[in-house]
Structures are given as C-alpha cells and as structure tokens.
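Proteins get letters first, then strands, A, B, ... in listed order; numbering begins at 1 in each.
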2 protein chains.
Amino acid sequence: MNLTSSIQRPTLHEELVERLRNLVIEDILKPDEKVPEKELCESFGVSRTPLREALKVLASEGLVVLQANRGARIARVTREELENTFPVLAALEQLAGELACAHLDDEGISKIEERHAEMLAAYKAQDRKAYFQANQDIHNALISGAQNDVLKAHHRRLAARVSRARFMVNLSDERWSEAISEHKQMMMRLRCRDAVGLGQLMKTHMTNKLAAHVKALGSDGEPRQKQT
Amino acid sequence: MNLTSSIQRPTLHEELVERLRNLVIEDILKPDEKVPEKELCESFGVSRTPLREALKVLASEGLVVLQANRGARIARVTREELENTFPVLAALEQLAGELACAHLDDEGISKIEERHAEMLAAYKAQDRKAYFQANQDIHNALISGAQNDVLKAHHRRLAARVSRARFMVNLSDERWSEAISEHKQMMMRLRCRDAVGLGQLMKTHMTNKLAAHVKALGSDGEPRQKQT
DNA sequence: TGACTGAATTATGAATTCATAATTACGTTT
DNA sequence: AAACGTAATTATGAATTCATAATTCAGTCA
C-alpha cells in the first residue's frame with residue numbers, strides 16, 4: 001500500500017481556487033474583466049456555491065476584487081502596487097538567502113548548481129522560455145531551502161501577484177546579461193555558505209528586477225510590448 | 001450630505017470574516033476547537049452560506065484549518081510556526097523601518113514620539129495593558145509610515161497569526177526593560193532618519209521578542225502561565 | 001434625434017434543500 | 001463487561017431556490 005499518494009483533492013473549492021488562480025496568472029482571465037460566473041460554472045461543471053467560495057479566497061489574496069452586488073473582477077496590478085511588492089519580495093528573498101545558506105545540505109546545493117548550469121546553457125542558447133523556467137526553479141529551490149513554511153507561503157502569494165507582470169514583460173538583453181552575472185555571484189556566495197552575502201545579493205537582484213520591470217511598463221501598468 | 005460615512009459593510013461574509021477573526025485573536029474560539037457552525041449561524045443570525053465563505057477565507061489566512069467532511073477547527077499555532085513567523089515578521093519590520101525613515105514627515109514622527117512617551121509612562125507605572133497598547137500603536141505607526149500597502153497587508157496577516165500568542169504570554173521583567181531600551185534606541189534612529197539603523201534595530205527587536213516568547217512557551221506551544 | 005422613465009431581464013447575495021460522509025447510539029457476540 | 005458491527009443521527013459539501021440589486025431595453029416626451 002502506498003500511503004504517500006492518498007487523498008488527492010478533497011474539496012471542490014480548493015480545486016477551483018487552484019484552477020482560477022492559474023487562469024489569472026496565465027492571463028487567460030484578464031485584468032479588469034469581470035469574472036463570468038455562469039460560464040465558469042458550466043465549463044468546470046460545478047454549481048455557483050463552490051465557485052463563489054473560491055472567488056472569496058482569491059479576493060483575500062488580492063487576485064480578484066469583489067464589488068458588492070456587482071460581482072467579481074480580475075484585479076489590475078497597478079504600477080504602484082508593483083513598486084510596493086518588489087521591496088517586500090526582495091526582503092523575503094534576502095531572508096530566504098540567509099536561511100538557505102544555513103539550512104541547505106550539500107546535496108541541496110548541488111541540485112541548485114545543476115539548475116544554475118541549465119540556466120547558463122539557456123542563456124547561451126538565448127532560449128528565453130528555458131531560462132525563465134530554470135530561473136524560477138532556482139529561486140523556488142532557495143525559498144524551499146530556507147525551510148520556513150511561513151516565508152514560503154508569503155513569498156508564494158507575493159510572487160503570484162506579480163507573476164503575470166513577469167510573464168508579460170520582455171527581458172531586455174542588457175538586463176538579461178546583468179541578471180546572469182548576478183546569479184553567478186549568488187552561486188559563489190551559496191557555495192561558500194556566505195549567508196549575509198547571499199541574502200544581500202538576492203535582495204539587490206530583486207530590486208534590479210523591479211527597476212527593469214518599471215522601465216518596461218507604461219504608466220498604466222500595462223506592458224509597452226507584449227511577449228512574443 | 002456626508003459622503004465619508006456611506007456604505008458601511010456591504011457583504012455579510014466580509015463582516016463575518018472580521019468578526020470571526022476577532023473571535024480567534026481574542027482567544028474566544030480556542031485552538032483545536034472545532035468551529036460550531038450551527039451555533040455561530042444562530043448567534044450571528046445568518047445562514048450557513050456566508051459563514052462558510054468566511055471560513056474559507058480564514059482558512060486561506062491560516063487562522064482555521066478545514067478538514068474535508070469534518071468541518072473547520074481553529075488552527076493551533078505550533079512552536080515551530082512561531083519560530084518560522086518571527087524571522088519573517090522581523091524582515092518585514094526591518095523593511096518598514098527603512099521605508100518609514102524615508103517617508104515619514106516630521107508630523108508623523110512627532111506622533112510616534114508622543115506614543116513613545118506614553119509607552120515609557122506605562123512602563124514607569126508598570127501598566128502592562130497600556131504598555132501593550134502603546135507598543136502596538138508604535139509598531140503600527142511605523143508600518144503605516146512605510147507607505148507600502150503590500151508590506152502592511154502581509155505584516156498584518158503575520159501579526160494576526162501570532163497575536164494570540166503575544167496576547168497570552170506574560171512579559172518577563174527583564175525582557176520588558178530590554179524592550180524599553182530597544183525602543184529608545186529605535187526612536188533615536190528615527191529622529192535622525194537613519195533608515196538602515198532603524199531597520200536593523202527593528203529586526204533585532206523582533207528577533208529578541210521571539211526568543212522571549214519561545215522561552216515562555218512549553219514544547220506544546222501553549223504558554224506555561226496565562227496572563228492575569 | 002436624443003435624453004429620460006420605467007418595465008423586463010439578468011446577475012448577485014444569501015437562504016434553503018439535498019445527498020452523502022462522519023459520528024453517535026445501540027445491540028449483539030464472545 | 002468489552003469489542004465489534006450496524007442502524008440512527010448529525011454534520012458537511014454542494015446544488016438549488018429565492019429575494020433583491022443592477023442592467024438592459026423599449027417607449028415616451030422634449
């Protein structure tokens with residue numbers, strides 16, 4: 001008997017939260033659009049009750065906004081919010097870097113090392129998609145490596161909030177090469193378990209990422225150019 | 001016509017989230033207790049639908065845990081979670097300190113100065129309740145002073161999660177005097193707008209607070225002694 | 001023609017109902 | 001009497017229904 005795979009997803013609303021969240025993040029449900037309750041119910045094959053429960057949860061996460069008697073709309077991530085989010089993300093990543101240095105074992109580090117190599121390869125091949133994936137994996141591995149579930153949960157929530165923006169924005173060549181060099185430095189710090197140093201670099205890395213994003217955004221918070 | 005007081009609380013579930021949250025924080029609904037859906041519905045005079053919606057939201061905040069087909073229980077804050085939460089809180093307060101130095105105007109600072117004086121007076125009078133209140137006001141003012149709603153929201157959520165613990169634990173005399181001296185230092189940094197310095201102090205302050213808490217807690221996460 | 005009024009339609013929040021899982025109560029067996 | 005199994009009861013998740021707010025649309029009048 002395999003005990004690790006028991007109980008997949010008990011409740012409908014949990015499943016719905018997950019699915020709706022993805023629809024928002026993947027930009028299938030677009031900002032300011034009102035959520036088509038009826039259609040979603042039909043396509044998911046559920047009644048309104050669990051779907052509305054899911055919307056309440058997503059609202060508390062800030063992914064949708066509820067208007068009394070006027071239903072739900074997909075939240076628009078304003079430039080201001082973006083500018084507010086990144087410093088917080090940066091602070092959490094700094095902490096994650098410090099904790100990861102302390103808690104990751106050699107095996108954990110070498111796994112990140114692998115992903116790092118893949119990321120460099122993707123850069124060499126100018127494969128943006130593979131780069132994004134490897135990059136995200138590295139960040140997630142560092143967050144997980146911190147072994148702090150509270151940190152992980154809050155980071156996850158913040159990242160979800162801006163991931164659409166990250167998804168949409170085209171990385172400039174300059175920023176890309178800069179990010180690569182920052183990652184190289186981060187790996188060096190991780191290797192010698194320089195907690196404070198890694199934390200500092202991760203904070204800076206995130207701050208620079210924000211600067212690049214803001215530069216790429218118009219004042220309306222929508223990207224000047226869409227991703228190809 | 002007074003436009004500032006229009007629209008109090010449009011939806012039932014929002015009101016319920018608020019009320020239930022308070023019941024948890026004020027320790028009226030106690031950890032591990034199962035949430036008496038029926039009773040609450042009756043005492044609030046609402047049906048199960050909005051109450052259950054509220055529970056879903058509180059679950060996503062981590063204040064209650066939902067068990068499939070077994071209803072909701074008030075979440076227990078384990079020692080481990082406490083130990084995970086404080087570093088994150090510390091990181092956020094550090095950031096808040098830095099931002100508050102940058103963004104608070106002279107008036108904002110002098111308001112904090114007032115509260116600080118009240119806090120010192122409460123300490124002199126050994127008035128724990130007044131101290132707690134002034135202390136909380138100061139922290140909230142610094143958080144608000146950072147002028148970053150994302151930071152504020154996440155801080156609020158984290159603080160809510162551990163506030164019960166803070167509420168329950170008796171402050172030791174040593175820790176109290178230590179906290180006072182930390183606060184004095186913080187005020188000095190704020191006065192001269194030393195952003196990095198204030199941030200550092202606030203981080204340390206929070207870290208020390210954790211240490212005091214953990215010392216006061218048994219391994220089960222419940223306080224050794226209740227507050228009078 | 002265009003703005004306004006009010007009825008018809010639709011959408012939304014909340015109550016109620018329903019099917020089923022979990023718990024309790026009870027009886028049987030050893 | 002204790003342990004097990006089964007029926008009755010209760011609690012829970014989700015669908016449905018209902019009342020009302022918002023929106024749409026047709027008709028009227030300037």
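Spacing between atom CD of E53(A) and atom P of dT12(D) amounts to 14 Å, rounded to whole angstrom units. The CG atom of L51(A) sits 13 Å away from the C1' atom of dT12(C) (whole-angstrom rounding). Taking atom NZ on K38(A) and atom P on dA22(D), their separation rounds to 19 Å, with Å as the unit. Rounded to an integer number of Å, the gap from CG of L16(B) to C1' of dA15(C) is 14 Å. Counting to the nearest Å, the C1' atom of dA15(C) and the CZ atom of F44(B) are 18 Å from each other. Between K56(B) atom NZ and dA14(C) atom C1' there is a gap of 15 Å when expressed in whole angstrom units. Here the P atom of nucleotide dA22(C) and the NZ atom of K34(B) are 15 Å apart, to the nearest Å. A straight line from CG of L12(B) to P of dA21(D) spans 13 Å, rounded to a whole angstrom.
With no hydrogens or angles considered, no side-chain donor-acceptor pair links E81(B) and T78(B) at under 3.5 Å. Side-chain atoms of H103(B) and N148(B) include no donor-acceptor pair closer than 3.5 Å.
Ring-centre distance between H155(A) and H154(B): not below the 6.0 Å cut-off.
Along DNA chain D, the nucleotide nearest R48(A) and the nucleotide nearest H13(A) are compared for position; the residue whose nucleotide lies closer to the 5' end is H13(A).
When distances run from any side-chain atom of E37(A) to the nucleotides dA15(C), dA15(D), dT12(C), the shortest one goes to dT12(C).
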Checklist entry - Would E53(A) and E53(B) count as a side-chain contact (heavy atoms from CB on, under 4.5 Å) if you check the C-alpha gap in whole Å, the side-chain angles of each, and the deciding distance to 0.1 Å? => result CA-CA 5 Å; E53(A) 288 172 345; E53(B) 289 172 345; 4.0 Å; yes

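For S47(A) and dA14(D), a side-chain-to-base donor-acceptor distance below 3.5 Å is absent, hydrogens and geometry of angles not being considered.
R115(B) and E118(B) are joined by a salt bridge, as a carboxylate oxygen and a charged side-chain nitrogen come within less than 4.0 angstrom of each other.
Residues from residues 64-72 of chain A placing a heavy atom under 4.0 Å of any atom in DNA chain C, listed by number, are Q67(A), N69(A), R70(A), G71(A).
Residue Q147(B) comes nearest to N84(A) through the heavy atom pair O-OD1, 4.1 Å, listed as atom of the first residue, atom of the second, then distance.
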In a table with atom names and distances, give each donor-acceptor pair under 3.5 Å that connects a side chain of residues 34-41 of chain A to protein atoms at least two apart or in another chain.
{"residue": "E37(A)", "atom": "OE1", "partner": "R48(A)", "partner atom": "NE", "Å": "2.7"}
{"residue": "E37(A)", "atom": "OE1", "partner": "R48(A)", "partner atom": "NH2", "Å": "3.4"}

